[in-house]
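Just so you know, these numbers use all the heavy atoms, side chains as well, and skip hydrogens, waters and symmetry mates. Bear in mind that the values here come from a model prediction, so they are computed numbers and not experimental data. One is the number of the first residue; the rest follow in order along the sequence.
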Amino acid sequence: QVQLVESGGGLVQAGGSLRLSCAASGGTFSTYHVAWFRQAPGKEREFVAAINWSAAFTTYADSVKGRFTISRDNAKITVYLQMNSLKPEDTAVYYCSADFARGLRPASLAGEYDYWGQGTQVTVSS
């Protein structure tokens, strides 16, 4: 059983940056793909970015490509989401998720992930 705890959210002005962290415990973290999703009020949860177990492969939603970077440090059992050039439309609760790596590349569908954190709020003011 993997437990995930997100941190690093907050209030930032448009154009600013934040770095989210997802700290894991339990399980063998280095064998898990990890993804970030987000959910804005009144909207469905949407995929943001994912990284495979070895960090060899990453994938991003079109809306964040070139602005967000996902990375992981398996020694620290942590995954990061560096968010630059933030926009008001990035405002949402951001969730970290993980699943045992069944293939080489990470999935972008929420249903593929079994473990979820409680989320961290990111608010971008205009």
For the hydrophobic clusters of this structure (ILVMFWY residues joined by side-chain heavy atoms under 4.5 Å, transitively), does one cluster hold both [X] and [Y]?
{"X": "V79", "Y": "V122", "answer": "yes"}
{"X": "W116", "Y": "V5", "answer": "no"}
{"X": "W36", "Y": "I51", "answer": "yes"}

Ignoring hydrogens and angles, write down the donor-acceptor pairs under 3.5 Å from the side chains of residues 13-25, residues two or more places apart or on other chains.
from, atom 1, to, atom 2, distance (Å)
S17, OG, N84, OD1, 2.9
S25, OG, Q3, OE1, 3.3

Closest contact, heavy atoms only, [X] versus [Y]:
{"X": "A98", "Y": "V34", "answer": "CB-CG2, 4.2 Å"}
{"X": "L86", "Y": "M83", "answer": "CD2-CB, 3.8 Å"}
{"X": "H33", "Y": "R102", "answer": "NE2-N, 4.4 Å"}
{"X": "Q121", "Y": "T123", "answer": "NE2-OG1, 3.3 Å"}

Could you give the side-chain donor-acceptor pairs of residues 54-65 under 3.5 Å, partners two or more places apart or in another chain?
from, atom 1, to, atom 2, distance (Å)
S54, OG, N52, ND2, 3.3
S54, OG, A56, N, 3.3
Y60, OH, I70, N, 2.9
D62, OD1, K65, NZ, 3.3

Would you find a donor on one side and an acceptor on the other, under 3.5 Å apart, between the side chain of [X] and the backbone of [Y]?
{"X": "Y113", "Y": "A107", "answer": "yes"}
{"X": "T91", "Y": "V124", "answer": "yes"}
{"X": "T120", "Y": "G9", "answer": "yes"}

Discussion item. If I take atom OG from residue S108 and atom CZ from residue F37, how far apart are they, to the nearest 0.5 angstrom?
Written reply: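 Going from the OG atom of S108 to the CZ atom of F37 covers 7.0 Å.
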Discussion item. Please report the interatomic distance CG(D73) to OG(S30), rounded to the nearest 0.5 Å.
Written reply: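 One gets 11.5 Å once the value is rounded to the nearest 0.5 Å.
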Fill in: V93 and R45, any side-chain heavy atoms less than 4.5 Å apart
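With C-beta onward as the side chain, the pair stays apart.
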Discussion item. With a 4.5 Å cut-off on side-chain heavy atoms, are F100 and D114 touching?
Written reply: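 A side-chain contact under 4.5 Å is absent here.
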Worksheet item: Going through the checks in order, is the side-chain contact (heavy atoms from CB on, under 4.5 Å) test met by L81 and T69?
Response: CA-CA 6 Å; L81 184 68; T69 302; over 6 Å; no
Item to complete: Could you please spell out the steps behind the side-chain contact (heavy atoms from CB on, under 4.5 Å) verdict for Y95 and L4?
Response: CA-CA 9 Å; Y95 297 90; L4 304 171; over 6 Å; no
Worksheet item: Applying salt bridge (Lys or Arg N to Asp or Glu O under 4.0 Å), which residue pairs with at least one partner in residues 4-13 are found, sequence neighbours left out?
Response: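 As it turns out, there is no salt bridge (Lys or Arg N to Asp or Glu O under 4.0 Å) pair with a partner in residues 4-13 once direct neighbours are skipped.
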Worksheet item: Does R72 count as lying over the ring of W53, i.e. NZ or CZ under 6.0 Å from the six-ring centre, within 45 degrees of the axis?
Response: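 No, cation not above the ring by the 6.0 Å, 45° rule.
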Discussion item. Can you confirm if the NZ or CZ of R38 lies within 45° of the ring axis of F47 and under 6.0 Å from the centre of its six-membered ring?
Written reply: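 No, R38 does not lie over the aromatic ring of F47.
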Item to complete: Decide side-chain contact (heavy atoms from CB on, under 4.5 Å) for T78 and F29; before the verdict, give the C-alpha distance in whole Å, the side-chain angles of both, and the deciding distance to 0.1 Å.
Response: CA-CA 9 Å; T78 303; F29 184 67; 6.0 Å; no
Worksheet item: Is atom CD of E89 surrounded by more than 12 heavy atoms (other residues, nucleotides or ligands) closer than 6.0 Å?
Response: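 Yes.
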